[in-house]
Amino acid sequence: MSKYDHLLDKAFDILSASKEERIRYVNEDKWIGYPRAQQILERLEDFISYPQVERMPNLLIVGDSNNGKTQILKRFAERYPMSIDEDTYTNVQPIVFISAPAKPDENAFLIRLLEEMIIPYAKNDSLEVKRQMAIRAMQTRKTRMLIIDEIQHIIAGSYNAQKGFLNSIKDLSNTLKIPIIGAGIEDAFHAIQVDSQLANRFQVEVLERWKFENKGDRVKFAQLIASIETRLPLQEPSYLYKKPYIEQLHYLSDGLIGEVVLIMKQLATYAIKHDLPCIDDSVFGELNLVPASKRKELLKRMR
Ligand SMILES: Nc1ncnc2c1ncn2[C@@H]1O[C@H](COP(=O)(O)OP(=O)(O)OP(=O)(O)O)[C@@H](O)[C@H]1O
Ligand SMILES: [Mg+2]
């Protein structure tokens with residue numbers, strides 16, 4: 001047992017660096033492979049290795065904002081980077097990953113696809129031309145999966161816009177015979193229900209908020225906190241996964257991983273700045289933390 005068993009190697013290495021470097025390190029994004037994320041990654045593996053069949057299955061990942069959907073997708077996409085086919089010297093792009101445009105505008109959507117693949121197009125090319133270019137590029141690049149993040153933007157619009165878009169997604173999926181993975185907030189889930197044909201073809205994975213109701217939930221949440229803590233370069237363990245901190249962290253985060261990570265970054269930054277060996281009650285007190293859901297009320301009262 002060493003004195004620094006509470007830290008991962010990288011965090012330990014940075015312990016002797018300057019305050020600025022330690023604070024920068026704290027605030028960098030670091031992947032935490034919590035069990036639910038691993039499950040969804042495995043699900044995605046099943047989809048990408050699915051055989052080409054007439055009716056390709058698609059997947060919708062639904063969850064509240066700031067709860068880790070995009071991080072999971074990015075992590076998955078990193079497993080399948082672009083490469084060059086040794087025989088034909090052409091690009092191979094197993095995954096095309098876009099974030100949906102803000103409105104259900106098919107032209108904007110196709111432009112995102114073309115730009116993601118760095119395919120030159122002319123602005124006034126017709127929709128049909130753009131669609132064909134995108135399809136052809138994905139075919140020659142042996143694309144095996146299309147990921148559309150923030151999918152609620154394009155499918156949860158007015159009824160007609162929605163219908164049009166759902167059809168064009170259905171078209172893409174039929175022509176390319178690749179799975180389409182959408183991620184978005186709950187609105188996206190309601191939107192696919194508009195079209196029963198589509199609803200049938202989208203399986204759904206819900207990325208729930210972190211709960212704190214029964215023992216199982218509490219253990220999972222404690223494990224999340226513990227793994228984040230091993231990445232905070234502090235001299236001594238803070239035991240944030242124990243009472244009373246864990247309860248406070250759950251309350252302050254509203255069960256959202258994005259908030260958990262942000263709060264822990266703030267706590268660690270404060271501790272490092274003030275030469276504290278770990279995070280304790282005083283740090284929580286000094287930061288005056290308020291849950292995101294309560295911040296709005298607070299603002300209203302101040303007006
Ligand atoms: N697996 C993870 N490991 C470490 N940090 C994570 C992880 N997942 C999420 N986070 C943190 O939470 C933040 C929000 O995550 P993300 O952007 O994936 O949420 P989202 O569900 O896509 O939200 P939105 O619906 O608003 O786009 C990230 O910026 C990151 O700081
Ligand atoms: Mg996101």
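When reading the values below, keep in mind they use all heavy atoms of this one structure, side chains included, and skip hydrogens, waters and symmetry mates. FYI, the numbering just counts along the sequence from 1. Read the numbers this way: they start at 1 and go in the same order the structure lists the ligands and their atoms.
Between the side chain of N27 and the backbone N or O of I23, at least one donor-acceptor pair lies under 3.5 Å.
Ranking protein heavy atoms by distance to atom 12 (O) of ligand 1, first place goes to G258 CA, 3.0 Å. Closest to atom 23 (O) of ligand 1, if we only count protein heavy atoms, is N66 N, 2.7 Å. Of the protein's non-hydrogen atoms, T70 OG1, 2.7 Å is the one closest to atom 22 (O) of ligand 1. Protein heavy atom at the shortest distance from atom 21 (O) of ligand 1 is K69 NZ, 2.7 Å. Of the protein's non-hydrogen atoms, the one nearest atom 31 (O) of ligand 1 is D29 OD1, 3.4 Å.
Residues T90 and D85 bring no donor and acceptor atom of their side chains to less than 3.5 Å of each other. Using modelled atom types and a 3.5 Å distance limit, the side chains of E128 and Q132 yield a donor-acceptor pair. Side chains of R36 and Q39: a donor-acceptor N/O pair is present below 3.5 angstrom, by distance only.
In terms of polar-atom proximity, defined here as any N/O pair under 3.5 Å, S65 does make such a contact with ligand 1. Below 3.5 Å of separation, one finds no N or O of K265 facing any N or O of ligand 1. Between Q71 and ligand 1, at least one N/O pair is under 3.5 Å apart. Residue I185 places no N or O, backbone or side chain, under 3.5 Å from any N or O of ligand 1. Considering backbone and side-chain N/O atoms, G68 comes within less than 3.5 Å of an N/O atom of ligand 1.
With a cut-off of 2.8 Å, the Mg ion (ligand 2) has an N, O or S atom of T70 in range.
Taking a cut-off of under 4.0 Å to the non-hydrogen atoms of V261, the atoms of ligand 1 that pass are 5 (N), 31 (O). Taking every heavy atom of N67 and a limit of under 4.0 angstrom, the matching atoms of ligand 1 come to 19 (O), 20 (P), 21 (O). The atoms of ligand 1 that sit less than 4.0 Å from any heavy atom of E150 are 27 (O). Against a heavy-atom cut-off of under 4.0 Å, W31 is close to the following atoms of ligand 1: 1 (N), 2 (C), 3 (N). Heavy-atom proximity to I257, at under 4.0 Å, picks out these atoms of ligand 1: 7 (C), 8 (N), 9 (C). Ligand-side atoms of ligand 1 in range of D64: 21 (O), range being under 4.0 angstrom from any heavy atom.
Of the heavy atoms in K30, only backbone atoms (N, CA, C, O) come closer than 4.0 Å to ligand 1. Both the backbone and the side chain of I32 come within contact range of ligand 1, each with a heavy atom under 4.0 Å. Of the heavy atoms in D149, none comes closer than 4.0 Å to ligand 1.
For the residue pair A183 and K69, the shortest heavy atom distance occurs at CB-CB, 4.4 Å.
Using a 4.5 Å heavy-atom threshold, the side chains of R201 and S173 count as touching. Looking at heavy atoms from C-beta onward, K103 lies out of side-chain contact with H153 at the 4.5 angstrom threshold. Between L256 and R209, the closest side-chain pair of non-hydrogen atoms falls below 4.5 Å. Contact check for Y25 versus K10: side-chain heavy atoms found under the 4.5 Å cut-off.
Using a 30° and 60° split on the angle between ring planes, H250 and F212 fall in the parallel class, below 30°. Using cut-offs of 30° and 60° for the angle between ring planes, the Y270 and H274 rings count as parallel.
When ring centroids are compared, Y245 and F284 come within the 6.0 Å threshold.
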